[in-house]
Amino acid sequence: MIRRIVLIVLGLVWLGPTYLLLVNASRPADAYDPAGAWVPSGDFALLENFAKAVEGANLAGSLASTALYSIVSPLLGVLIGALAGYVIVVLRLRHGFWWFLLIFGGTVFPSQMLLVPLFVSYSDAGLYDTHLGLILIYTAINAPLGAFVLRNFYSGVAFSIFEAARMDGATTWRIFWRIYLPMSLSALTAVFILEFTFIWNDLVFGLTLSQTENVRPVMTAIAGLMTDVYAGTPVPVGLAAGLVVSLPTVLLFLGTQRLFARGLSLGSVQ
């Protein structure tokens, strides 16, 4: 009984910020009062506030760009990661473990260390504030995760499958595309979901490598909107924008949670 009470209390404490977000994002834009933030207003103006945010910060262009980054980059990332795992494990690349460390080792460094070199190199190469530039950096950041999961997954696949396909005359690429890639679909999906969520919620790289409304990710646009609170942007408008924009990742997890859990278990260390 005591344990249940403790869990309920901890759950309520954890849900407190979510409650505040929902309550204040749903109140009319001109009805926000910090003293009454915990009390619902009785009105539901969430969609109206979000519409004001879309108009005020041009979120439509940012949402379209973010959708592009969140789909294209994870697809490229999981494909490159699967190819890396296939070459290292199945094709038994010489010094494969060290190649894997080279691919995955860059993830141990904080992202903040990359910002200045990236900004300078992107400016020199003409990739700053372009869709291609952000797709490239998001792909490069997410590919090591795909390599890590797929390397572990392919390590648990019997090598006799590859040998049998080779004896039947299949090429190395055909074996990968027709056998190993479909076999690892669940693991690929789990990695894709993680990478989609990371890119959709990214702020640091979007803030550093973009500036125009049609290129910058949506979280960067919302951050700019929230910094304008003291310049006249109502708090409920900013909260509504953040709440609605976060829904795609929540719905994605809810809709694919079984496949996600299965994919992670398949890609775990053998």
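Note that the structure is a prediction, hence the values are computed from the model and not measured.
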Inset, instruction - Just do the side-chain contact (heavy atoms from CB on, under 4.5 Å) check on M219 and D202 with the steps written out, would you? - result: CA-CA 7 Å; M219 291 303 171; D202 173 65; over 6 Å; no
Inset, instruction - Evaluate side-chain contact (heavy atoms from CB on, under 4.5 Å) for F50 paired with V237, printing each intermediate quantity in order. - result: CA-CA 6 Å; F50 180 68; V237 172; over 6 Å; no
Inset, instruction - Tell me, yes or no, whether the heavy-atom count around W14 atom CH2, taken from other residues, nucleotides or ligands under 6.0 Å, exceeds 12. - result: no
Inset, instruction - Using side-chain hydrogen bond (donor to acceptor under 3.5 Å, both in side chains) as the criterion, list what pairs up with N24, not counting sequence neighbours. - result: R27
Legend entry - Joint cluster assignment, F159 & L150, ILVMFWY side-chain distance < 4.5 Å: yes
Legend entry - Closest non-hydrogen atom pair between L127 and T130, with its separation: O-OG1, 2.6 Å
Inset, instruction - Write down the atom of F205, the atom of L134, and the distance for their closest heavy-atom approach. - result: O-CD2, 4.1 Å
Legend entry - Beyond-backbone contact of F162 with I179, side-chain heavy atoms, under 4.5 angstrom: no
Inset, instruction - Check the pair D129, T212 against side chain to side chain donor-acceptor pair (under 3.5 Å), reporting the backbone distance first and the verdict last. - result: CA-CA 7 Å; D129 197 34; T212 57; 3.1 Å; yes
Legend entry - Connected via hydrophobic side-chain network under 4.5 Å: L75 and W177: yes
Inset, instruction - Using modelled atom types only, decide if a donor and an acceptor are shared between the side chain of N201 and the backbone of T197 within a distance under 3.5 Å. - result: yes
Inset, instruction - Check whether any side-chain N or O of R166 sits under 3.5 Å from a backbone N or O of A170 as a donor-acceptor pair, and report yes or no. - result: yes
Inset, instruction - Look at the side chain of T171 and the backbone N and O of R174, then say whether any donor-acceptor pair between them is shorter than 3.5 Å. - result: yes
Inset, instruction - Using the test side-chain hydrogen bond (donor to acceptor under 3.5 Å, both in side chains), find all partners of N214 that sit at least two apart in sequence or belong to another chain. - result: none
Inset, instruction - Could you tell me whether a side-chain N or O of S184 sits under 3.5 Å from a main-chain N or O of Y180, the two making a donor and an acceptor? - result: yes
Inset, instruction - For A187 and F153, work out which heavy atoms get closest and say how close. - result: CB-CD1, 4.4 Å
Legend entry - Straight-line distance of L136 CG to I141 CD1, nearest 0.5 Å: 11.0 Å
Inset, instruction - Report yes or no: does Y122 contribute a side-chain atom to a donor-acceptor pair with the main-chain N or O of G133 at less than 3.5 Å? - result: yes
Legend entry - Connected via hydrophobic side-chain network under 4.5 Å: V72 and F196: no
Inset, instruction - Would you please test M183 and I161 for side-chain contact (heavy atoms from CB on, under 4.5 Å) and show each step? - result: CA-CA 11 Å; M183 188 187 304; I161 295 177; 4.1 Å; yes
Legend entry - Gap separating the CD1 atom of I137 from the OG1 atom of T208, nearest 0.5 angstrom: 10.0 Å
Legend entry - Test item: F253 and P248 side chains (from C-beta on) under 4.5 Å apart, heavy atoms: no
Legend entry - Heavy-atom closest contact (N49 atom, A25 atom, distance): ND2-O, 3.0 Å
Inset, instruction - Please confirm whether the backbone N or O of I135 pairs with a side-chain atom of S73, one donor and one acceptor, at under 3.5 Å? - result: yes
Inset, instruction - Find out whether P236 and P28 are in side-chain contact, i.e. whether some heavy atom of one side chain is under 4.5 Å from a heavy atom of the other. - result: no
Inset, instruction - Using modelled atom types only, decide if a donor and an acceptor are shared between the side chain of S121 and the backbone of L118 within a distance under 3.5 Å. - result: yes
Inset, instruction - Spell out, yes or no, whether V157 and M167 are grouped together once hydrophobic residues are joined by side-chain heavy atoms under 4.5 Å, including indirect joins. - result: no
Inset, instruction - Look at the side chain of T66 and the backbone N and O of V218, then say whether any donor-acceptor pair between them is shorter than 3.5 Å. - result: yes
Legend entry - Side-chain (T249) to main-chain (S246) donor-acceptor, under 3.5 angstrom: yes
Inset, instruction - Would you indicate whether the side-chain heavy atoms of S65 and H131 approach each other to under 4.5 Å? - result: yes
Legend entry - From CG (L239) to OG (S26), nearest 0.5 Å: 9.5 Å
Legend entry - Proximity of F100 and F104 rings by center, below 6.0 Å: yes
Legend entry - Gap between atom CD1 of I71 and atom CD of E195 - 0.5 Å precision: 13.5 Å
Legend entry - Contact summary for V215 and Y69, nearest pair of heavy atoms: O-OH, 2.6 Å
Inset, instruction - Could you check if a side-chain atom of V23 sits within less than 4.5 angstrom of a side-chain atom of W38, using non-hydrogen atoms only? - result: no
Legend entry - Euclidean distance, W99 CH2 relative to R151 CZ, rounded to 0.5 Å: 15.0 Å
Inset, instruction - Work out which heavy atom in G206 is nearest to a heavy atom in Y138; give both atom names and the distance. - result: N-OH, 3.9 Å
Legend entry - Distance (rounded to the nearest 0.5 Å) between T220 OG1 and E213 CD: 12.5 Å
Legend entry - Chi angles and distances behind the side-chain contact (heavy atoms from CB on, under 4.5 Å) call for L252, W200: CA-CA 12 Å; L252 180 64; W200 189 274; over 6 Å; no
Inset, instruction - Determine, using the 4.5 Å side-chain heavy-atom cutoff (strictly less than), whether L247 and L46 are members of one ILVMFWY cluster. - result: no
